[in-house]
Amino acid sequence: MTEMRAPHLRLVVSEPAPAPVRTPRIRFKPVVRLEDGAAFGVHAESEFSFEDTFHPRHLTQTELPTAGGWLGEQIERIAQLAEKTGATLRPISLLAPMAALSDPDAPMAAEAGAIRAGVLPQEFRIDFPDAAVSALDDLAWDQLDAYRRRGFRIGLDARQSWRTPMSSRARMTFEAVRFDLSRFNLLEVPMSRLEVASAEGVALIAENAWWRDAQELAAMGVSFAVAPKTDC
């Protein structure tokens, strides 16, 4: 009897392919002055953030965007969408990834995104998370200055925390501070922080605000809101 030999078998581990990253949808939300409803630009809200899509391979695979690259792409997409939909109000605000303050190439990438879209950096206000600003301290201010030198307006995103004091440097850097009224008391933000920012001309922009509270908010120095709610 002829001996039958099984062919050599090699176990091949099938690694799952990385899930495709869907391009996030962007919508514009009006920013208005509570006193009279006058427009104060728009906020470009992305469906998800850089942190939602981040994977360790972003650090080693050059084809995947860094935080700065992602920010530049967002600026380009937002500018193109604004032109397509006829959104002419300025400034356009958007949220920066936390890592955009520690990426030395991010300011240049943001500027490149504006150039590709054919818009001026001055048309955008980039809001940086308070946690990143307060954690990096002096390094954060140097990086923020790098964005400002390229023409971008700068804001502070204080919706999750507000540990950054309103020092003279902060008041010269931030055009606006965004905070969430629904979380404001939980964060135990000193009222003096609002008072100092407002007195120095920093625009305080509230989220989850009601039109009916405009007078009360004005007493706190809060003059602007993102898409304030009505009672209807």
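- In terms of the side-chain hydrogen bond (donor to acceptor under 3.5 Å, both in side chains) criterion, residue partners of Arg212 (sequence neighbours excluded) are, by chain and number, Asp231.
- Every pair tested for ring-ring contact (aromatic ring centres under 6.0 Å, His included) that includes a residue from residues 88-118 fails, sequence neighbours excluded, so the list is empty.
- With sequence neighbours left out, the side chain to side chain contact (heavy atoms under 4.5 Å, CB included) criterion links Ala225 to Leu34, Ala209, Pro228.
- The ring-ring contact (aromatic ring centres under 6.0 Å, His included) pairs that include a residue from residues 154-175 are Trp141-Phe174, where partners are two or more places apart or lie in different chains.
- Alongside Phe40, the hydrophobic cluster contains Val31, Ile205, Phe224, Val226 (criterion: ILVMFWY side chains under 4.5 Å).
- Among residues two or more places apart in sequence or in another chain, the side chain to side chain contact (heavy atoms under 4.5 Å, CB included) test is passed with Ala112 by Arg116.
- Counting only residues at least two apart or in different chains, side-chain hydrogen bond (donor to acceptor under 3.5 Å, both in side chains) contacts with residues 94-113 comprise Thr66-Asp103, Glu111-Arg150.
- Arg159 is linked by a side chain to side chain contact (heavy atoms under 4.5 Å, CB included) to Leu95, Asp157, Arg178, Asp180, Glu207, counting only residues two or more places apart in sequence or in another chain.
- The stretch residues 188-205 participates, sequence neighbours left out, in these salt bridge (Lys or Arg N to Asp or Glu O under 4.0 Å) pairs: Arg171-Glu200.
- Here Thr85 pairs with nothing under the side-chain hydrogen bond (donor to acceptor under 3.5 Å, both in side chains) rule; sequence neighbours left out.
- Under the rule for a ring-ring contact (aromatic ring centres under 6.0 Å, His included), the partners of Phe128 that lie at least two apart in sequence or sit in another chain are Tyr147.
- Among residues two or more places apart in sequence or in another chain, the side chain to side chain contact (heavy atoms under 4.5 Å, CB included) test is passed with Val119 by Ala79, Ala114, Ala117, Glu123, Phe124.
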